[in-house]
Amino acid sequence: MKHWRIEQMDWDSFDPSRVDPDIIPLVKSASVVEKNGLDYAEYLRRVFVGDPDFSAAAANWAVEEVQHGDALGRWAMLADPTWDYEEAFDRYRASYKIDADVDASIRGSRTGELIARCMVETGTSSFYTALADATDEPLLKAICKQIAADEYRHFKLFYDHMHRYLKREKLSVWARTRIALGRVTESEDDELASAYHTTNEGEDVPYDHKRCIAAYMSKAMGFYQQKHIDRVTAMIFKTIGFTPHSKLQKLAANGVYRLIQWRKRAFQRQIAA
């Protein structure tokens, strides 16, 4: 069941004078990734065949993901009236496909799959929170807050099912850590780079992963504040089952924040080169 609906948003509150041009490319990219949720739901249905409770939850999750994409796409068309959300999504679908023809998780276990999903929801919840905090445009702020709340609920959904499977599959903390960190590093794969290309570059521009991921990440990383990274770190530790002393967690969060700032500067240098 959806916790909110697109038609409930105050679309008349859109204020073009408060739109940050650096946010528009990110919103466009995010819109098509979110709308692609139905393909992920099919992948999860195949991985969790025989588990009707999770399959039903995953189907509802996908409906909410698609709504996220539709809301972001509608906002992006207000911010850039020359842009066509559905056309951009068709381009994205043609360039990036999820392999749903599976009979088991690519993570090696159902617990591993749920850990990976927790990492995705951790990233999206923090990303939309960061955008909501960064933008002064009232409609986008409201949309991002709604989506961030959904993504945190999704994290809880996958986390609870992860613990259910963990009782039978018994992955060690190290194994969980390896899967979690592996999924985090995948954030620089073709999913986001292709989304940036198909939503922000013309059809006559050849796709270049290195250029597109640098363009996307250099913008996205600039909106993160230390408080967002603190929350991300806490959610990661919770997922892998590691409960360190608060000072250690703070040190880890500070380290992650410095790493993000370093990566942002590296991507900016790459663009300038």
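For reference, positions follow the sequence shown, starting with 1.
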Rounded to the nearest 0.5 Å, what separation is found between the [atom1] atom of [X] and the [atom2] atom of [Y]?
X	Y	atom1	atom2	answer
Q225	S126	CD	OG	12.0 Å
H163	T239	NE2	OG1	8.0 Å
L44	F158	CG	CZ	6.0 Å
L26	F223	CG	CZ	6.0 Å

Please determine if [X] forms a cation-pi arrangement with [Y], meaning its NZ or CZ atom is less than 6.0 Å from the six-membered ring centre and no more than 45° off the ring axis.
X	Y	value
R117	Y40	yes
R110	F54	no
R168	Y165	yes

Non-hydrogen atoms of [X] and [Y] that approach each other most closely:
X	Y	value
A253	Q226	O-NE2, 3.4 Å
V102	D99	CG1-O, 3.8 Å
A71	I6	N-CD1, 3.7 Å
E65	G37	CB-CA, 4.3 Å
P138	R18	CD-CD, 4.2 Å

Salt-bridge contact [X]-[Y] (side-chain N to carboxylate O under 4.0 Å):
X	Y	answer
R46	D103	no
D39	K97	no
R164	D51	yes

Same cluster for I236 and I229 if Ile/Leu/Val/Met/Phe/Trp/Tyr side chains link at under 4.5 Å? no
Any R74 side-chain heavy atom under 4.5 Å of W11 side chain: yes
Please tell me if the side chains of S29 and Y216 come closer than 4.5 Å, counting only heavy atoms from C-beta onward. yes
Ignoring hydrogens and geometry, is there a side-chain-to-backbone donor-acceptor pair from E137 to D15 under 3.5 Å? yes
Around atom [atom1] of [X], are there more than 12 heavy atoms from other residues, nucleotides or ligands closer than 6.0 Å?
X	atom1	value
K141	NZ	yes
R153	CZ	yes
K238	NZ	yes

Check step by step if side-chain hydrogen bond (donor to acceptor under 3.5 Å, both in side chains) holds for D190 and Y207. CA-CA 10 Å; D190 275 320; Y207 173 61; 2.5 Å; yes
Do D230 and Y257 get their side chains close enough for a donor-acceptor pair, meaning under 3.5 Å? no
Is a side-chain donor-acceptor pair under 3.5 Å present for S194 with S95? yes
